[in-house]
Amino acid sequence: MNRLVFWILILLLTILLLAAVIALINLLLWLLFRKVAEPHVIHRLWWAVDLALVLGLAGVLAYGHWVTRFGIDVNRVEVKSANLPASFDGFRIVQISDFHIDSFDAGDDDAFMDRLADTVMSLRPDIVCFTGDLVTMQAAQADPWVEKLRKFAVRVDSGTGDSQPLCYAIMGNHDYADYPRYFTPRQRIEDRRRLHHIIYSAGWQLLDNCHTVLRRGGDSILLAGVGNIGEPPFTVYGNLQHALSQNIDSAGSGIAVPAFKILLSHNPRHWRQEVIDAGIDLMLAGHTHAMQIRIGDWSPVKYRYPEWGGLYSEGEQYLYVNTGIGCTGWRVRVGVPPEVTLIQLRR
């Protein structure tokens, strides 16, 4: 289903659901009071209830814009695998995703970004993984935020005397400048190059259909990243086989392919399409935002993405879907605050 059509259908269904609830309540009021109250009294009850529902919805949306959108939800999970080398037992990965950084206002929302970076660093990550959608429309939206993004890129000692990037990133569907319809093909290419430059200027390591080898003691694990696996009508930029064969770390070129493999891939659909069969131990994804609406363990996005938020597994292969930081469309998050995920690897 086309993404735009999907969102339009969700909006229409929401309006129809609200209308149906109002109609049902009005019917119940009429059935309860028709024998004991005058028609004009019942009509006043209808107006009062309808007004309360509309104001209640407005209150929920206002709270989602001013409060929930700036909350930070830290989720902690453990991933256990017999493939994990002993030296990596307890390895800490912090995942963040879907900044859509234009949904924040530079200057006004600086304090939130500082608090987000402080939260990430307080979790003492061995690496930070960003799983796509830094911007929504074009690279220029990230320009005012480069200094803030550097706060996620503190370098750490690998234990071998070398230093490695702390933050590894991939591109999401919004990062390719495919959404501005007025862009020419050349402008799209230039915009992607500009976003790559911003990512590297922030001190992040971009994994664009390639991998690196992380080392600890005498052990190693593989960390790969793919371009976005687009859904129609968008382009497929990811190439998993290329990502697993192309090593960007020349210092690790002589190391045998590690047994434990982590993949950063923006779209969670990729997990069942290809990743499970490729023997990837852990895939980290984003993309869904839980559609910025979650009530308990339910979100309407589940009808489009079976794996939409949290940890999923098939045997000892795992997928974690992070519900993101920013917003697309409306700047509202209902029941789903910005998420920071601490994933601890265990044998």
Side-chain angles (χ1 to χ4, degrees), residues 1-14 60-75 77 94-105 109 112-113 116 119-120 128-137 141-142 145 152 169-176 178-179 228-231 234 264-271 283-312 319-341 343:
M1 183 187 298
N2 181 281
R3 182 183 176 88
L4 177 61
V5 172
F6 172 73
W7 280 92
I8 291 173
L9 287 175
I10 288 296
L11 178 61
L12 291 175
L13 286 172
T14 302
V60 168
L61 295 179
Y63 190 86
H65 175 79
W66 295 109
V67 179
T68 307
R69 188 166 67 94
F70 295 105
I72 297 176
D73 192 8
V74 178
N75 290 320
V77 298
V94 171
Q95 183 191 4
I96 48 178
S97 193
D98 295 83
F99 271 20
H100 291 283
I101 207 154
D102 51 291
S103 63
F104 301 100
D105 297 318
D109 296 332
F112 168 75
M113 200 60 65
L116 179 65
T119 299
V120 168
V128 176
C129 293
F130 177 78
T131 45
D133 279 359
L134 181 60
V135 298
T136 301
M137 298 294 286
Q141 294 172 328
W145 295 99
F152 300 89
I170 57 170
M171 303 274 278
N173 56 300
H174 283 270
D175 293 326
Y176 291 91
D178 285 336
Y179 285 82
N228 184 58
I229 305 296
E231 299 173 60
F234 297 104
L264 311 183
S265 182
H266 182 66
N267 190 335
R269 284 188 184 275
H270 189 206
W271 191 54
M283 175 175 143
L284 304 181
H287 186 54
T288 72
H289 303 201
M291 220 176 79
Q292 295 162 218
I293 302 173
R294 184 174 62 205
I295 302 171
D297 293 329
W298 179 87
S299 168
V301 81
K302 68 180 294 183
Y303 303 112
R304 180 173 174 84
Y305 295 97
E307 291 85 24
W308 58 270
L311 185 65
Y312 304 86
L319 164 69
Y320 194 91
V321 184
N322 180 289
T323 51
I325 300 295
C327 302
T328 54
W330 55 353
R331 291 188 179 187
V332 172
R333 281 179 164 260
V334 177
V336 53
E339 179 181 0
V340 173
T341 312
I343 301 169

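The chain is numbered in sequence order, starting from 1. No experiment lies behind these values; they were computed from the predicted model shown.
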(request) Mind running side chain to side chain contact (heavy atoms under 4.5 Å, CB included) on E231 and R304 for me, showing each step along the way? (result) CA-CA 12 Å; E231 299 173 60; R304 180 173 174 84; 3.4 Å; yes

(request) Please say which of N228, T131, D175, N173 ends up in a side chain to side chain donor-acceptor pair (under 3.5 Å) with H266. (result) N173

(request) For I343 and L284, run side chain to side chain contact (heavy atoms under 4.5 Å, CB included): C-alpha distance rounded to whole Å, both residues' side-chain angles, the deciding distance at 0.1 Å, then the answer. (result) CA-CA 10 Å; I343 301 169; L284 304 181; 3.4 Å; yes

(message) Donor-acceptor check, side chain of Q141 to backbone of T136, threshold 3.5 angstrom: yes or no?
(response) yes

(request) Output the distance between atom CG (N75) and atom CG (N322), rounded to the nearest 0.5 Å. (result) 8.0 Å

(request) Side-chain contact test, heavy atoms from C-beta onward, threshold under 4.5 Å: evaluate it for L61 versus W330 and give yes or no. (result) yes

(message) Under a 3.5 Å distance rule, please check whether R69 uses its side chain to pair with a backbone N or O of S103 as donor and acceptor.
(response) yes

(request) Would you please say whether a donor-acceptor pair under 3.5 Å links the side chains of Q95 and S97? (result) no

(request) Would you name the heavy atoms of Q292 and G326 that are closest together and state the gap between them? (result) OE1-O, 4.4 Å

(request) Provide the closest heavy-atom pair for G309 versus T323 in the form atom of the first, atom of the second, distance. (result) CA-CG2, 4.1 Å

(request) Quick one: closest heavy-atom pair of D105 and W145, and the distance? (result) C-CZ2, 3.7 Å

(request) Report the distance from atom CD1 of I101 to atom CG of D133, rounding to the nearest 0.5 Å. (result) 12.0 Å

(request) Taking the side chain as every heavy atom from C-beta outward, state whether Y312 and W271 have any pair of such atoms under 4.5 Å apart. (result) yes

(request) Please name the pair of heavy atoms, one in W308 and one in D297, separated by the smallest distance, quoted to 0.1 Å. (result) CZ2-O, 3.2 Å

(request) Write down the atom of M283, the atom of N267, and the distance for their closest heavy-atom approach. (result) CE-O, 3.4 Å

(message) Would you compute the distance between atom CZ of F130 and atom CG of D98 and round it to the nearest 0.5 angstrom?
(response) 6.5 Å

(request) List the atom of A290, the atom of S299, and the distance in Å for their closest heavy-atom pair. (result) O-OG, 2.7 Å

(message) With rounding to the nearest 0.5 angstrom, report the CG to CZ distance, L116 to F152.
(response) 4.0 Å

(request) Measure the CD-CD1 distance between E339 and I96 for me, rounded to the nearest 0.5 Å. (result) 11.5 Å

(request) Could I get the full list of ring pair (Phe, Tyr, Trp, His ring centres under 6.0 Å) partners for F112, not counting sequence neighbours? (result) F70, F104

(request) Can you measure from CZ (R294) to OG1 (T68) and round to the nearest 0.5 angstrom? (result) 10.5 Å

(message) Would D73 and R333 count as a salt bridge (charged side-chain N to carboxylate O under 4.0 Å, His left out) here? Give the steps.
(response) CA-CA 12 Å; D73 192 8; R333 281 179 164 260; over 6 Å; no

(message) Run the ring pair (Phe, Tyr, Trp, His ring centres under 6.0 Å) test against H100 and tell me which residues pass, sequence neighbours left out.
(response) H174, H289

